Number of protein chains: 2
Amino acid sequence: MSRTKKNQESTILDIAAALQLSPATISRALNNNPNVTPATRKKVTEMAGQLGYRRNNMALGLRNNKTHTIGLIVPRISMFFHAEAITMMQNALYEKGYNLIISQSNDSPEMERRLVDTMYSSRVDALIVSCTLDTQDFSHFDVFADNDIPLIFYDRVPPAFDGALIIRGDDFQGGYLAGTHLAETGCKRIAHISGPLTTNLYRDRSAGFFKALKAAGLPVYEHLVFYQPLTYDNTRTALKKMFEHREKPDAVFTANDTAAIAVHEFARENGLEIPRQLKIVGYSNDPRCAIIRPAITSVEQFPGKMGSKVVEALMQMLAADRETALNEPITIPVQLIRRMST
Amino acid sequence: MSRTKKNQESTILDIAAALQLSPATISRALNNNPNVTPATRKKVTEMAGQLGYRRNNMALGLRNNKTHTIGLIVPRISMFFHAEAITMMQNALYEKGYNLIISQSNDSPEMERRLVDTMYSSRVDALIVSCTLDTQDFSHFDVFADNDIPLIFYDRVPPAFDGALIIRGDDFQGGYLAGTHLAETGCKRIAHISGPLTTNLYRDRSAGFFKALKAAGLPVYEHLVFYQPLTYDNTRTALKKMFEHREKPDAVFTANDTAAIAVHEFARENGLEIPRQLKIVGYSNDPRCAIIRPAITSVEQFPGKMGSKVVEALMQMLAADRETALNEPITIPVQLIRRMST
DNA sequence: TTGTAGGCGTTATCAA
DNA sequence: TTGATAACGCCTACAA
């Protein structure tokens, strides 16, 4: 590790002093302002390098009232869907000269509220959010709308929000595709394990699913439908109940992939052959669905596409002279990925 | 969405004006300075709420030369190991009043370099890094060391770095455990698919593995050892070569889990029964290892523990009056998780 | 207990 | 083309 000790924390004033120039000139030179001699610019850049100068973003932000930083709040970055979407957004934003501050709410509304506050305190130029499952009250986002700071919700979104753009997957269609597919493969008693209906994501997936059943002339069995947090354990409990019943299901549509995998394991443990005795369709197309055997059919949400769309819309919002804002919700298409489980 | 329009961007001056007080008093009241009447404090807090005041972190940072923000750079957040570690760090840091800025280098040294610069420009109070696989030159991190800003490397770390703390898993031990375990289960020709030896992570895992073989009196077969980027495709190619050879392996130790899963699929496709004909040990204990059947034995690195350790050390560094800095590298123990693949 | 004033690093405006 | 100056929002000696 041989390194030459640079001066600590040099500022444009240091460069100015070293070069017998005014700070203003240094600033101009560093910012490619045309009104500066090439010779001066050269001197300045060199000295900046020598002194190890790096622009102080806080001073810049304070002065310009722009941080070139976008805030992002997601439930958890470990979810495949979000990891993919984030990667896409971060890359796209970086290309445009923006930084991304990522934070996780851990699915806690309280944490989400604190994070929104922090993001505002940091004066991010815009905020991108995928809400907590339990976020019912969205008033903590008002600061952004009130101050005309671009606000975009994606995936887990509020039912409506004045002053924010909403981008979501076509959950209704996803549920419909799943239901239709299972009906077409000849299933008669299709179970449905969904999340809490307070989240419109799940509400829509379920609605699409039921519509498909109806279209196929299949009944909905009360005892085969569950609305509950889609944890592994909850799913197991639901399955146990179903299979203790006289009329057992011949297929299960779960509103996420964690639940689908729980069904998969349950089937294996109880000697149910997939797909002959039990078919499974999950949601999100998590990579685990492709690895498990037999592989699980799932609804692809194209997280990357959603990420691109978010950034694209964001750029428009940032460029727009207020009031031009686009506010129509955007829907991203989904696709059923068929695998061995059906 | 009924919301009462708050004043735009109010500052302590606005509060001061509204209350006929000086900005200084407002500042003190808001910061719980004891020298302020309870009555005044109450008035101030109320007015702050009414005006929708939020402290401007940039002004604060500029003034105090502290941002209470920690930077983090990882190859990709989607890697299970990092997702876990990050979650732990973020929660721990948030408790301590710090924010975490996360960004991904996408395993590109160029991107890493740019991110380090950005982090410095944002004047983060400290930087936490897990390097790119290809980072050979670590000079871009010098800014932090030169300016006495706490710098911590974890997991993928430089061989040594003056002025930075290094925290890593016990890779040598991990490799040793894997080798010993396979030897104990009676394997005679153990293949090894490792990453490029330019990364000391892989160098150590391999070294530990070879030491175990030696201790067990087993030979190392040249044609069964590969050093290459651990992608799915590379691994398949390596396997193909191995199995075209006369002396086929009866076990494979891969230096990560993606490769282990590739081996698993290869075995299945070629009718090799796991574990009877081929045993597999991976590295990192990715959740996929537990889901696949037969489940794959892997080396657990305790990402959460590493995350906690990082934050713990960081807090000490931030509190320390320079020079007291702890610089001894820290090693986190590993553990072999035995599953059906062995 | 409260007020005054200066400065953190940068850039925009105006003047030279 | 360059320089002087003020201002962004906040905090903290120091003074009252």
Side-chain angles (χ1 to χ4, degrees), chain A residues 7-45 47-48 51-69 117-118 120-125 143 147 149, chain B residues 7-45 47-48 51-69 118 120-125 143 147:
Chain A
N7 286 5
Q8 312 264 107
E9 284 275 12
S10 35
T11 73
I12 51 171
L13 273 84
D14 297 323
I15 304 180
L19 253 35
Q20 309 266 53
L21 284 169
S22 83
T25 305
I26 310 299
S27 173
R28 281 188 282 255
L30 257 23
N31 289 294
N32 293 319
N33 183 310
N35 293 330
V36 70
T37 337
T40 310
R41 189 187 314 287
K42 183 152 176 289
K43 274 197 300 186
V44 172
T45 355
M47 183 55 76
L51 297 177
Y53 168 81
R54 322 268 166 145
R55 184 204 253 118
N56 183 323
N57 278 345
M58 286 179 303
L60 189 66
L62 188 57
R63 172 68 231 235
N64 288 352
N65 209 25
K66 282 231 161 297
T67 54
H68 287 273
T69 296
D117 252 47
T118 305
Y120 182 78
S121 282
S122 298
R123 297 296 190 272
V124 291
D125 287 348
V143 217
N147 287 286
I149 302 169
Chain B
N7 286 3
Q8 313 262 111
E9 284 273 15
S10 34
T11 73
I12 52 172
L13 273 85
D14 298 322
I15 304 179
L19 254 34
Q20 309 266 50
L21 283 170
S22 83
T25 306
I26 311 300
S27 173
R28 281 187 281 254
L30 257 23
N31 290 295
N32 293 321
N33 182 310
N35 292 330
V36 68
T37 337
T40 310
R41 191 188 311 287
K42 183 150 175 288
K43 276 197 298 184
V44 172
T45 352
M47 183 56 75
L51 296 177
Y53 168 81
R54 322 268 166 144
R55 184 203 254 121
N56 183 322
N57 277 345
M58 286 177 303
L60 191 66
L62 187 57
R63 170 67 231 244
N64 289 353
N65 207 26
K66 281 230 161 298
T67 54
H68 286 274
T69 296
T118 305
Y120 182 78
S121 281
S122 297
R123 298 296 190 271
V124 291
D125 287 348
V143 218
N147 287 286

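Just so it is clear: chains get the letters A, B, ... in the order the sequence lines come, proteins before strands, and each one is counted from 1. All of these numbers come straight from a predicted model, not from anything done at the bench.
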### Task
In whole angstrom, give the distance that lies between atom CD of B:E9 and atom P of D:dG9.
7 Å
### Message
Rounded to whole Å, how long is the line connecting atom CG of B:N57 with atom C1' of D:dC10?
### Response
11 Å
### B:L30 CG to D:dG9 P, straight-line distance once rounded to whole Å
15 Å
### Query
Which letter, B, S or -, goes with each nucleotide of nucleotides 2-8 of chain C from 5' to 3', with contact meaning a protein heavy atom under 4.0 Å?
BBB-BBB
### Query
At under 4.0 Å between heavy atoms, what does B:N31 touch on the DNA or RNA strands: base, sugar-phosphate, or nothing?
sugar-phosphate
### Summary
Rounded to whole Å, the CD1-P distance (B:I15 to D:dG9) equals 13 Å
### Task
May I ask you to say what A:I12 touches in the nucleic acid, namely base, sugar-phosphate or nothing, with a heavy-atom cut-off under 4.0 Å?
base
### Query
About how many Å separate OG1 of B:T40 and CG of B:N35, when rounded to the nearest 0.5 Å?
11.5 Å
### Query
Rounded to the Å, how far apart are B:M58 CE and D:dG9 P?
9 Å
### Query
In chain order, what residues pass the side-chain hydrogen bond (donor to acceptor under 3.5 Å, both in side chains) check against B:K42, with sequence neighbours excluded?
B:E46
### Task
Take atom CG of A:N33 and atom C1' of C:dC14, then tell me their distance rounded to the nearest Å.
14 Å
### Query
For A:N33, which residues count as a side-chain hydrogen bond (donor to acceptor under 3.5 Å, both in side chains) partner, sequence neighbours excluded?
none
### Task
Mind checking side-chain hydrogen bond (donor to acceptor under 3.5 Å, both in side chains) for A:R41 and listing every partner two or more places apart, or none if nothing turns up?
none
### Message
Using the side-chain hydrogen bond (donor to acceptor under 3.5 Å, both in side chains) criterion, which residues pair with B:R55? Sequence neighbours excluded.
### Response
B:N31
### Task
Would you kindly give the NZ-to-P distance between A:K66 and D:dG9, to the nearest whole Å?
14 Å
### Query
For the pair made of CG in A:N65 and P in C:dT10, what is the distance, rounded to whole Å?
18 Å
### Message
Please enumerate all residues that pass side-chain contact (heavy atoms from CB on, under 4.5 Å) together with A:L62, with sequence neighbours excluded.
### Response
B:N56, B:A59, B:L62
